Amino acid sequence: MLFEQRTVTCGELRAADIGKTVVLNGWVHRKRDHGGISFINIRDRYGVTQVVVDADSAQELLDRAAELKMEYCVSIRGTVRPRPDSMINPSMPTGEIEVKAERIQILSRCAPLPFMIDEATDAKEDMRLTYRYLDLRSFSMQKKIRLRHEAAFAVREYLVGKGFYEIETPTFIRSTPEGARDYLVPSRLYPGKFYALPQSPQLYKQLLMASGFDKYFQLARCYRDEDSRGDRQPEFTQIDIEMSFVTREDVLALVEGMMGHLFKKTLGVELPAKFVRIPYDEAMDRFGSDKPDLRFGMELLDFAPYVDGACSFQAFHDALKEGGAVKALVVPGKADYSRRQIEELEAKTKVYKAHGLAWMKVNQAGALEGGASKFFSEPARIVQGLGAKPGDLILIVADKKKKVACTALGAVRSQLGKDLGLCDPAVFAFAWIIDFPLFEFNEEENRWEAAHHMFTMPQAQYHDSLEADPGAVKGDLYDLVLNGYEIASGSIRIHDPDLQKRIFRIVGMTDEEAQRKFGFLLEAFKYGPPPHGGIAPGFDRLVMLMAGETSIKEVIAFPKNSFAVSPMDQCPNDVDERQLKELHISIVQEK
Ligand code: ASP
């Protein structure tokens, strides 16, 4: 069918266009009939224009207008005229004008809708994902996908301006699963062999530094086969960055500049030139988290000074005696919290294996009452020392492991931040967390493992004592956090093959295994590799926070659902027997 092509979009007509004959192409957004007159709002990516079919129009036009239903795709020719005063809509960019229809062409019809386009976000998630192409028609989704596009553009613009090359690395790579599981792709040509989809371009970007490219970036798709938990996607995008001849300062400064440019360009938000830096140990101590939400204070306080002769709570004494910690939180004005509310907070501490959440209230006279208050004979000292006020609630976690006490109370702090409305979505609180431990002890497997990844440079002062005390080693590692989310991890890398081999050994890899898995990297490092480092901000999460959303699905055009399934095209799906045969694969039915 020939159709009359648009001369303008649905978002651009203004009073200055009055008198022009125009053609609009778009979708029927809304339709109202009013005393023989039809008002049809036509929508496209650019906006909405009101089209009017006057009551005295030709019969053919009236008939065509009567046929129109929501989301029909149409071409409409007409003349731009001013709206009657009573219908001027200042909140709509095209709100001063309307188009008097002269011809309506139906380009395609729309079946009954599974949900109202504009209110799609109220529909159940699987419904939205089954009809994602309709969900994406809504203004809110169009806005978020546009933001994602603009963000990608701003990132490229900034990095290219700083002399970075965008270089693609392969997505069929050697499988070296560390941390998460790899997605595997069977090889038809080499029976029994597999490619893996990259969890990140880590080794390739390091090799690009060995190749002398100096500054590399890529909006890289990464794949991790993790159990569906929280807001995870099997594939996601990172702004992958690597630089040669740099120290931590160079990488941090680059990312601060990049974020500044990105937020200014896309949201008009001015970020501070430098982000605060908090060493990991301090972050755990003050916030009980290595990704603290800094939009509010309410820091964890040390309760140990009050666990003395004036305290008869044995559990508190025990925790300290065994080298642990007792941490407290003062919640302003929440002495009216009910027992149930406190129990709900206590449930959060259990996730981190704490034994319980003790509480006391500061009454109007400034004295302690309720809960654990009976264990303290000098309450005034506590109230004053913690800086608590009448009407405040005091929450305490004690544990013989300091990390448990801190993380458990940290979880309470973040929950309270949400419950008490302390997390202003319009505020962007960035911070660097630095000086992370290089290794973590895996209790289940009884071995050390890399806290970030095995290619991170230990800080220089630990180079001689790596093997002697792995738990004490700090890495040249940095995370960028934003509003309680980790949005980037990076590090200065090892470029000395001998040092790299030592790290492999500490995490329990034999030399032979290291050679088999990472021989190509060790080999490359024999040929004059430069000192280098980098970082990889998670692009989906970043855009999610910029859009004020809480799920990355909201900023991915075609995401999987929480079960790693696409309800729209039913993926993952069964494949033909013939395909399996070609790939030398047979499916074993589990009993
Ligand atoms: N490749 C790392 C990751 O995916 C980031 C980095 O160190 O650059 O977490």
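In this text, all values refer to a predicted model and were calculated from it rather than measured experimentally. All ligand and atom numbering here is 1-based and tracks the order in the structure. Residues take their numbers from the sequence shown, with the count starting at 1.
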Exercise for the section: Flag D240 as yes when one of its N or O atoms lies below 3.5 Å from any N or O atom of ligand 1, and as no otherwise. Expected result: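 No, since none of the N or O atoms of D240 sits under 3.5 Å from an N or O of ligand 1.
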Ligand 1 versus [X], non-hydrogen atoms closer than 4.0 Å: side chain, backbone, both, neither?
X: R224; value: side chain
X: R493; value: side chain
X: I535; value: backbone

Please write down residue, atom name and distance for the protein heavy atom closest to [atom].
atom: atom 9 (O) of ligand 1; answer: H452 CE1, 3.5 Å
atom: atom 1 (N) of ligand 1; answer: Q202 OE1, 2.7 Å
atom: atom 5 (C) of ligand 1; answer: S489 O, 3.4 Å

[X] neighbourhood, listing ligand 1 atoms whose heavy-atom distance to it stays under 4.0 Å:
X: A536; value: 5 (C), 8 (O)
X: S200; value: 1 (N), 4 (O)
X: K205; value: 6 (C), 8 (O)
X: Q238; value: 3 (C), 4 (O)
X: G490; value: 7 (O)

Problem - Pair F275 and Y478, ring centroids less than 6.0 Å apart - result: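 No; Y478 has its ring centre 6.0 Å or more from that of F275.
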Handout entry: Heavy atom of H453, distance to ligand 1 below 4.0 Å
Key =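 Checking ligand 1 against H453, which is what was asked, there is a heavy-atom contact under 4.0 Å.
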Problem - Min heavy-atom dist Q199 to ligand 1 below 4.0 Å - result: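 Under 4.0 Å: no for Q199.
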Exercise for the section: Decide if atom CZ of R516 counts as having more than 12 heavy atoms of other residues, nucleotides or ligands within a radius under 6.0 Å. Expected result: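 Buried by this count: over 12 neighbours within 6.0 Å.
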Problem - Presence of salt bridge, K144 and E554, under 4.0 angstrom - result: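 Result for this pair is yes, salt bridge flagged.
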Handout entry: Cationic N near anionic O, under 4.0 Å, K274 to E256
Key =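 Looking at K274 and E256, the cut-off is met.
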Handout entry: Pair D479-S489, side-chain donor/acceptor within less than 3.5 Å
Key =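 Indeed, the side chains of D479 and S489 share at least one donor-acceptor pair under 3.5 Å.
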Problem - Between K348 and S414, a side-chain donor and acceptor under 3.5 Å - result: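 Distance-only check fails for K348 and S414.
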Exercise for the section: Report yes or no: is the cationic atom of R413 (NZ for Lys, CZ for Arg) under 6.0 Å from the centre of the six-membered ring of F296, at an angle within 45° of the ring normal? Expected result: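 Cation-pi check for R413 and F296: passes.
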Practice task
Ignoring hydrogens and angles, tell me if any N or O in the side chain of K327 forms a donor-acceptor pair with the backbone of D285 under 3.5 Å.
Solution key: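 It does hold such a pair.
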Problem - Flag, side chain of N442 to backbone of R447, donor-acceptor distance under 3.5 Å - result: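 No: the side chain of N442 does not pair with the backbone of R447.
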